[in-house]
K.L.:
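For reference, the structure I am asking about is given below.
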Amino acid sequence: MDNLQDPLSFLNDRQKSAVLHTEGPVLIFAGAGSGKTRVITSRVAYLIREKGVKPWNIMAITFTNKAAKEMRERVDRMVGMGSDAVWVATFHSSCVRFLRRNPEAVGYERNFTIYDADDSRRLMKQVIDGMSRLPNNFKPRSVSGAVSRAKNDFMSPDDLEAEKGYDLYWRSVAEAYREYQKRLRANNAMDFDDLLLNSVKLLSENPEILENWQERFRYIMVDEYQDVNAVQFELVKLLASKYRNLCVVGDDDQSIYRFRGADIKNILGFEKSFPDAYVVKLEQNYRSTQTILDAANAVIKNNDSRRDKKLWTDKGEGEKIRYREFYSGYEEAGYVVDDIDSKYRKGRSLNDFAILYRINAQSRYFEDRLVEEGIPYSLVGGVSFYARREVKDILAYLRLVESPQDDISVSRILNVPKRGIGKTTENRVTAYALQHEISLYEALLRIDEVPDVSAAAAKKIRAFTDMTEKWRACLPEKGLADITRMILEDTDYENQIEAQSNEEEEERLENLAELMSKIESFQMNGEEADLSAFLEEVSLMTDLDQVEEGTPRVLLMTVHSAKGLEFPGVYLTGLEDGVFPGQQNINSFDPSDMEEERRLMYVGITRAMDDLTLTHAKTKLLHGEYQSFPVSRFVKEIPKELLDIDEPGGSSGGYLSGRNSIPERSARTYRGAVSGRTVSGDIGDGFHGSDMAEITSAKAATGKPKKSPGKPYSSLIERPPAAGAVRYTVGDRVKHLLFGEGTVKEMNPGPRDTVVTVDFDTAGTKVMYAGFAKLEKL
DNA sequence: AGTCAGCGAGTTTTT
DNA sequence: CTCGCTGACT
């Protein structure tokens with residue numbers, strides 16, 4: 001006990017009061033970096049050590065596995081013995097545990113499958129394919145989104161139809177929704193929304209089960225409360241309604257998940273649901289310099305719907321925030337990477353830096369540059385490891401072994417790798433299954449009864465089901481890892497990949513090896529490391545959860561992913577009006593859309609501890625076309641005196657020429673890359689300090705201009721245009737493929753190519769590279 | 001049954 | 001630009 005920290009040490013007065021107020025509802029407004037995790041963990045420790053509360057009567061809910069993991073570690077450290085009985089989990093994994101205990105109460109079997117967004121979209125596509133008379137623009141993606149939003153609002157298909165059924169589109173959404181739910185049920189599967197929804201159903205319809213959990217969780221704490229949606233709020237209310245010891249911690253200014261149903265009203269209106277709530281505001285920030293906080297405050301104060309609060313720190317003023325403007329995204333990335341590089345040379349760890357952007361598509365520029373410079377990086381987000389095709393294929397096999405009712409998995413792998421079971425056969429089996437209301441797999445087992453299937457096809461199908469049955473039979477004695485190996489072997493999966501001999505082949509095999517080793521270490525670590533536990537863990541895992549500490553590397557991620565993290569040096573990039581904030585939010589009629597973007601900016605700024613750099617590229621490749629963007633309105637909301645502004649004169653930044661002074665570094669081998677973007681091999685030798693021509697020729701020399709993040713030179717590097725392409729001059733009328741006709745206003749020699757400004761008759765003024773614009777003189 | 005070219009469309013953020 | 005789908009061809 002003695003080596004454990006006193007729960008109240010290192011807390012300021014406000015934090016202390018939040019910890020000491022253990023009974024009844026508590027609402028903590030915790031500004032960015034105000035030590036909220038410390039408050040929650042201290043509270044847990046205080047409850048156990050000073051109030052004699054049993055560890056198993058305490059629940060702490062978070063949104064991400066990462067947050068849960070961090071909280072778990074800190075609780076362990078502070079509480080010591082018995083801390084493992086404290087329930088620390090995410091909303092989703094908590095729900096899975098509720099549902100696994102009483103699946104029958106919501107009409108499911110214990111081994112139900114969890115569908116991720118991709119599975120769910122596939123199912124929706126099947127549903128839509130089976131519908132007649134579709135409205136225009138009826139795409140799985142948008143329908144899935146609409147259904148998800150309905151679910152997050154507790155709306156059933158009937159509700160949806162009742163509310164919006166006058167409209168053909170929404171009537172069809174309701175119809176698809178109904179069928180989608182039916183099929184989920186038939187597949188013994190739940191999507192992410194169902195995990196929450198069915199948990200609420202379970203608890204609200206079964207008083208004895210609810211009572212059981214209420215008795216268990218006498219003290220409940222919810223982190224990132226601003227992100228809860230209606231269903232999550234209901235769940236929390238149900239669990240807390242008996243003892244009412246509910247402590248929620250959040251920051252309305254950091255609510256950035258509205259698009260997936262999070263409702264800021266839940267935190268702003270908490271006192272309406274719990275009028276006796278004790279409210280604490282934590283405004284002292286322990287993370288950032290005053291300058292950074294001033295900037296954050298200046299931006300966020302432009303939002304109307306928020307609790308007024310103001311972050312402060314005693315950390316001192318610190319450096320000014322650097323604002324840099326560039327002509328292109330390429331230059332922007334060059335600046336950021338070079339800056340990191342020079343700090344790295346001065347002894348800073350690469351772990352000190354994060355490059356943040358609004359949209360994942362922007363990562364390319366930075367990846368390319370980091371690869372050129374030979375700087376290790378990890379990319380969070382994008383296509384996550386478990387969403388990669390080959391990984392999902394193998395997981396689908398495993399799911400099939402676990403739950404034969406899972407039609408989505410069956411149809412995914414029925415002919416993967418190719419085994420001669422074509423679409424025609426699949427359609428026949430599917431029709432038969434639908435008709436007889438059996439699962440696809442069941443129909444495959446009864447292939448002899450399915451009409452019109454050739455003997456040859458039936459034989460192949462029997463080979464497939466025999467294999468599956470064998471795996472299922474072997475599972476109990478062989479275990480997860482061996483079964484996976486058997487699957488790989490029996491399906492000849494790896495050889496099939498090799499046979500394809502395209503350039504992703506190597507990467508795919510690496511991913512499979514990675515999956516295999518993940519499975520092995522999973523099996524080694526847990527006591528109940530069986531197939532279903534693995535599938536469950538994997539289905540709730542995200543990229544961010546896999547970021548490994550240790551290896552020094554720069555992190556690249558979206559601002560969304562960065563929430564909850566902090567870095568000494570942050571590069572907040574792509575600050576263009578139209579990108580951040582995004583065009584659709586600029587166009588939106590709903591002012592709260594812009595407020596959400598502004599909160600995102602606020603989150604981005606407040607990630608920085610000491611150094612913050614804001615960058616803006618005037619021209620960017622978006623939707624396959626160069627477009628010019630003005631600086632983000634959010635940058636303009638920051639008082640000038642907080643900024644160190646250095647706008648390079650003219651269109652070419654001075655830093656590019658300065659690059660030549662960067663000495664060569666020996667080639668470095670690095671690996672890592674979350675999300676399977678493993679970067680390895682000798683990279684960057686000989687090309688440092690190169691100019692564009694060298695890079696381009698080096699590219700040509702490799703003979704592989706194909707873009708692949710794992711390989712040195714991406715096709716996204718802007719190349720010089722074909723020579724002699726420019727046949728017009730200022731004042732000429734020209735025609736553009738997309739923008740139509742216009743007049744050339746300006747032509748400036750850029751660093752690599754002539755920059756043309758054209759005033760289009762209908763599309764407005766565009767700035768573009770002559771080599772790319774392919775303008776035709778009229 | 002499988003392959004491949006050509007076309008069109010879509011692009012935010014994620015548990 | 002890049003993905004995914006369709007449809008024609010082998």
Side-chain angles (χ1 to χ4, degrees), chain A residues 61-68 89-96 114-118 120-122 125 129 137 139-142 144-145 148 151-152 190-196 224 227-229 231-232 255-262 356-364 380-384 386-387 389 415-426 454 456-457 460 500 539-545 557-563 574 578-586 588 593 596-597 599-601 603-604 620-627 706-707 714-716 718 738 772:
Chain A
I61 307 188
T62 64
F63 275 82
T64 65
N65 298 310
K66 185 173 165 51
T90 64
F91 268 103
H92 292 269
S93 69
S94 298
C95 286
V96 173
I114 300 165
Y115 280 178
D116 67 13
D118 180 62
S120 144
R121 206 167 317 136
R122 277 166 187 265
K125 182 171 186 318
D129 287 346
N137 219 335
K139 309 269 164 44
R141 206 184 139 79
S142 51
S144 272
S148 176
K151 285 183 172 187
N152 286 330
M190 297 188 203
D191 63 16
F192 287 140
D193 302 320
D194 282 349
L195 292 176
L196 299 164
E224 304 280 12
D227 286 333
V228 299
N229 63 32
V231 184
Q232 287 160 331
S255 167
I256 54 175
Y257 285 109
R258 203 165 74 105
F259 68 93
R260 87 177 186 219
L356 309 183
Y357 34 79
R358 173 71 235 269
I359 52 178
N360 273 313
Q362 297 217 8
S363 69
R364 286 291 175 77
V380 180
V383 187
S384 96
Y386 290 106
R389 190 164 23 145
N415 198 29
V416 176
K418 302 240 151 41
R419 54 174 68 91
I421 303 173
K423 224 177 270 154
T424 327
T425 310
E426 192 193 329
S454 69
K460 289 168 189 158
Q500 286 172 7
S539 58
L540 296 176
M541 184 95 81
T542 66
D543 249 20
L544 195 59
D545 305 324
M557 65 184 113
T558 62
V559 180
H560 279 91
S561 301
K563 193 171 70 144
V579 177
F580 193 175
Q583 194 58 50
Q584 41 222 305
N585 291 320
I586 293 175
S588 170
D593 284 332
E596 173 116 340
E597 290 280 307
R599 288 194 292 270
L600 199 52
M601 180 73 179
V603 168
K620 238 166 215 183
L621 186 62
L622 207 67
H623 312 327
E625 193 60 54
Y626 280 93
Q627 298 183 32
K706 185 76 181 141
K707 177 223 64 72
S714 158
S715 64
L716 276 187
E718 294 146 27
L738 219 68
F772 278 84

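Residue numbering restarts at 1 for every chain, and letters A, B, ... go by the order of the sequence lines.
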K.L.:
Please tell me if A:Thr558 has a side-chain N or O lying less than 4.0 Å from either OP1 or OP2 of B:dT12.
P.N.:
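Checking B:dT12 against A:Thr558, no side-chain N or O comes under 4.0 Å of OP1 or OP2.
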
K.L.:
Does A:Phe91 reach a base, just sugar-phosphate, or nothing at all? Heavy atoms under 4.0 Å.
P.N.:
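Answer is nothing: A:Phe91 stays at 4.0 Å or more from every strand.
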
K.L.:
Under 4.0 Å, counting only non-hydrogen atoms across every strand here, what does A:Gly420 touch: a base, just sugar-phosphate, or nothing?
P.N.:
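Touches sugar-phosphate only.
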
K.L.:
A:Phe192 side chain: which of B:dT15, B:dT12, B:dG10 is closest?
P.N.:
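Minimum distance to the A:Phe192 side chain belongs to B:dT15.
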
K.L.:
For C:dC1, does OP1 or OP2 lie under 4.0 Å from any side-chain N or O of A:Arg364?
P.N.:
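No, because none of the side-chain N or O atoms of A:Arg364 sits under 4.0 Å from OP1 or OP2 of C:dC1.
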
K.L.:
Under 4.0 Å between any heavy atoms, over every strand shown, what does A:Phe63 touch: base, sugar-phosphate, or nothing? Just pick one.
P.N.:
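Contact class for A:Phe63: sugar-phosphate only.
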
K.L.:
State, yes or no, whether a side-chain contact exists between A:Arg260 and A:Asn229 at a heavy-atom distance under 4.5 Å.
P.N.:
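No. Closest side-chain heavy atoms not under 4.5 Å.
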
K.L.:
At 4.0 Å (heavy atoms only), tell me whether A:Asn360 reaches a base, stays on the sugar-phosphate, or touches nothing.
P.N.:
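Answer is sugar-phosphate: A:Asn360 comes under 4.0 Å of backbone atoms only.
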
K.L.:
Taking only the C1' atom of each, what is the distance from B:dT12 to C:dC5 in whole angstrom?
P.N.:
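To the nearest whole Å, 24 Å.
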
K.L.:
Would you indicate what A:Asn415 reaches in the nucleic acid, counting non-hydrogen atoms under 4.0 angstrom: base, sugar-phosphate, or nothing?
P.N.:
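Answer is sugar-phosphate: A:Asn415 comes under 4.0 Å of backbone atoms only.
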
K.L.:
Can you see if the side chain of A:Arg419 gets near the phosphate of B:dG2 - specifically, an N or O under 4.0 Å from OP1 or OP2?
P.N.:
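Looking at the OP1 and OP2 atoms of B:dG2, neither is under 4.0 Å from any side-chain N or O of A:Arg419.
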
K.L.:
When you measure from the side-chain N and O atoms of A:Ser561 to the phosphate of B:dT14, is any distance below 4.0 Å, counting only OP1 and OP2?
P.N.:
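Answer is yes, contact under 4.0 Å.
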
K.L.:
Between B:dT12, B:dT15, B:dG2, spot the one nearest the side chain of A:Gln584, thanks.
P.N.:
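Nucleotide nearest to A:Gln584's side chain: B:dT12.
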
K.L.:
Of the candidate nucleotides B:dT11, B:dT14, B:dT15, which contains the atom at the shortest distance from the side chain of A:Phe259?
P.N.:
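Of all the options, the side chain of A:Phe259 is nearest to B:dT14.
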
K.L.:
Are any of A:Thr425's side-chain N or O atoms less than 4.0 Å away from OP1 or OP2 of B:dA1?
P.N.:
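Yes.
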
K.L.:
Let's see if you can work this out: which of B:dT13, B:dT15, B:dT12 has an atom nearest to the side-chain heavy atoms of A:Asn585?
P.N.:
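Looking only at heavy atoms from C-beta outward on A:Asn585, the closest nucleotide is B:dT12.
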
K.L.:
Among the candidates B:dG10, B:dT12, B:dT14, find the nucleotide nearest to the side-chain atoms of A:Lys139.
P.N.:
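Given the options B:dG10, B:dT12, B:dT14, the side chain of A:Lys139 is closest to B:dG10.
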
K.L.:
Measure from the side-chain heavy atoms of A:Tyr257 and tell me the nearest of B:dA1, B:dT14, B:dT12.
P.N.:
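For the A:Tyr257 side chain, the nearest candidate turns out to be B:dT14.
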
K.L.:
Got a donor-acceptor contact below 3.5 angstrom from the A:Asn415 side chain to the A:Gly420 backbone?
P.N.:
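Yes.
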
K.L.:
Hey, does A:Arg258 reach any base, or is it just sugar-phosphate, or nothing, if we go heavy atoms under 4.0 Å?
P.N.:
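No contact at all - A:Arg258 keeps every heavy atom at 4.0 Å or more from the nucleic acid.
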
